[in-house]
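What follows is a set of notes on a single structure, which appears directly below.
Since this is a predicted model, take the numbers as computed values, not measurements.
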Amino acid sequence: MNFVNSLSIEEQLSLAREKYPEIFEEAGKKRLQEPKTLPPLPNSDKYSIIKTRFAPNPDFYIHLGNARPALLSYEYAREYRGKFILRFEDTDPRTKRPMPEAYRAIKEDLKWLGISWDEEYVQSLRMEIYYQVAKELISKGGAYVDLCKRDDFRRYKLERRGCPHRDQSPEKSLELFDRMLSGHFGEGEAVVRVKTDLTSPDPSLIDWVAFRIIDTSKYPHPLTGSKYVVWPTYNFAAGVDDKLMGVTHILRGKEHALNTLKQLYVYKALGWEYPEVINLGRLKLEGMILSKSKIKETLRRSRGAISIDDPRFGTISSLRRRGILPEVIKEIIMEVGVKGTDATISWENIASLNRKKIDPVTPRLMAVFNPVKLVVRDVPKDPNIRQLRLPYHPTTQSLGFRLIDVGSEDVVEVLISREDLDILSKDGALRLLEFCNISLEKLSDSIAEARFIGTDLDQARRKGLKIVHWVPARQCIRLELLKPEGLKLKILRGLGEKSLLEFPPGKVVQLIRVGFTKLEKISKESRKVRLLYMHD
RNA sequence: GCCGCGGUAGUAUAGCUCGGCCAAGUAUGCGGGCCUUUCGAGCCCGUGACCCGGGUUCAAAUCCCGGCCGCGGCACCA
């Protein structure tokens, strides 16, 4: 061995090749691409049926970051032939007030992502269950009702001492709990605390709050109104539900890492076993807003001018509007994988995946921005030349074709973009895509004139002519293209083929040499369309 | 302040558990070529990374220690 390492790499390789040729054959073979698969779940054989869950707070719409735990949880449940649960965590009617339409919107977004669920729960409808468990926990000495002022408790905690209520009997706490339930206490006057290790180095862990009082006459819950005033905190409700619902594997954002430790105290006190936990890193979407609070603020500031599916947001509805296929989102999330590292998803990557999928089935049309008029002389008055029948896609025949008639006048007027006119003036000639080759005759501020020199594509190739898109001046429509650029939303105005009017709203079309776009609004009467720019 | 997690090309990821198949794979991006009536797609070629410093070892992306950087959490939000 020592001898081997004293050789150069080349010498080592050739020596090894001589002695063990089979190793090298193996290595050459496994270069093939493998599809991305999920790593196995920890301790999956411990459970007879694998159960995962996605537990959003319906205080807002979900975004790409939420799609990570949702999609992975769902995929795992499927792979292990287990069950997947959807659970709405809406136990804070005060600071995270549920948004009534969010329950529905989240389900819609999940369905669009291809996610279906076997069970559905709403926590605010399970209050009696939490009360029940709380009573059990208190009787077992795992929790107590604390009447301390918030600041007083903090002092006890920082000194690593229990507050006076900590040692009161379970009976006393149960009695106080009943008084909480009956509405005897106001906000901040009483809480249920879970007994934890007082010596924990992390003070936030110590005797955390499991229930607090929320005055629902002031902050009614959208589903239960003012019926309840004692509300479980996230850690209590989620922890208890995961056990009660038989969840075996929890996939959630790493911001919950500490919560696992908190909930463990409840589990220990009740003799439960904690599910397997996988903490996931956060997702960012390059150049887009994902943060709930930022989206809300932007929405508020726009005063109704923009909506939740604004293309600058990373919400699921925005990606859907942007024409991104759900399977692309799925692929990206599978690619990012099951781990605690944060990832910044690049828009280029999403666009590339999406493009490859839609390209073969997307009609291609022409539209011109920065249009300038170009007069073409000497175009033969041959219907074969002047009446064009153009396929929507060069290889996908089934997409059909459209007719472009450039008219029968002596001169043909077309519009090309300002940038392409520069090409014409520089090269002296170019090819109008699918139409004819032209050479420049006259160019001034007010007029651009060219001459027909043939329809032959091979001629254009031989001459190295650039091929540019165009629209006929006599029959074109106005269009507006909404294009997100960073955090700005630009509106580009241009002219396009009239056959754009024939598509239904929501149709994705490729504007040749511009990019993929989605038709959002079509007005046949005013001969105008509005498109949303998707990606190159 | 305290606690936790993580660091492989511009971006994302494979490899790290069990050190040698890694002169580090793949996708995207970028550069070039071919093909193609788009600046799209396809095909081919190229570009570019193991956070830093020590240690262990014949051998370290992989194990150990220290540092640096990033991210997350923190007390009646979820």
Expressed as a whole number of angstroms, how long is the span from [X]:[atom1] to [N]:[atom2]?
X        : N      : atom1 : atom2 : answer
A:Asp536 : B:rC30 : CG    : C1'   : 14 Å
A:Leu283 : B:rC71 : CG    : C1'   : 13 Å
A:Trp347 : B:rU11 : CH2   : P     : 19 Å
A:Asn349 : B:rA27 : CG    : C1'   : 6 Å
A:Ile385 : B:rU37 : CD1   : P     : 19 Å
A:Asp342 : B:rC69 : CG    : C1'   : 14 Å

For [X] and [N], is the shortest distance between a side-chain N/O and OP1 or OP2 below 4.0 Å?
X        : N      : result
A:Arg461 : B:rU37 : yes
A:Lys339 : B:rC71 : no
A:Arg431 : B:rU36 : no
A:Arg193 : B:rC76 : yes

**OP:** Please map the stems of RNA chain B, keeping only stretches of three or more Watson-Crick or G-U wobble pairs with both distances under 3.5 angstrom.
**Re:** B:1-7 with B:68-74, B:10-13 with B:25-28, B:29-34 with B:42-47, B:51-55 with B:63-67

Original post:
Does the base of B:rA75 carry an N or O that pairs as donor and acceptor with the side chain of A:Lys157 under 3.5 Å?
Top reply: yes

Original post:
For the base of B:rU11, is there a side-chain donor-acceptor partner from A:Glu286 under 3.5 Å away?
Top reply: no

Check this for me: [X], atom [atom1], are more than 12 non-hydrogen atoms of other residues, nucleotides or ligands nearer than 6.0 Å?
X        : atom1 : result
A:Arg418 : CZ    : no
A:Lys292 : NZ    : yes
A:Lys243 : NZ    : yes

Original post:
Is A:Lys296 positioned over the aromatic face of A:Phe60, cation under 6.0 angstrom from the ring centre and no more than 45 degrees off axis?
Top reply: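 Pair A:Lys296/A:Phe60 counts as cation-pi.
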
Original post:
Under 6.0 Å from the six-membered ring centre of A:Phe185 and within 45° of its axis: does the NZ or CZ of A:Arg212 meet both?
Top reply: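 No, A:Arg212 does not lie over the aromatic ring of A:Phe185.
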
Checking contacts here: which listed nucleotide ([options]) is nearest the side-chain heavy atoms of [X]?
X        : options                : value
A:Glu255 : B:rG72, B:rC76, B:rU38 : B:rG72
A:Leu433 : B:rA41, B:rA78, B:rU38 : B:rU38
A:Pro203 : B:rU37, B:rA75, B:rA78 : B:rA75

**OP:** Please examine the side chains of A:Cys148 and A:Pro164, heavy atoms only from C-beta on, and report whether any two atoms are closer than 4.5 Å.
**Re:**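 Yes, side chains in contact.
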
Original post:
Distance-only, no hydrogens or angles: does the A:Arg166 side chain make a donor-acceptor pair with backbone N or O of A:Val145 under 3.5 Å?
Top reply: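 Between the backbone of A:Val145 and the side chain of A:Arg166 there is no qualifying donor-acceptor contact (under 3.5 Å).
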
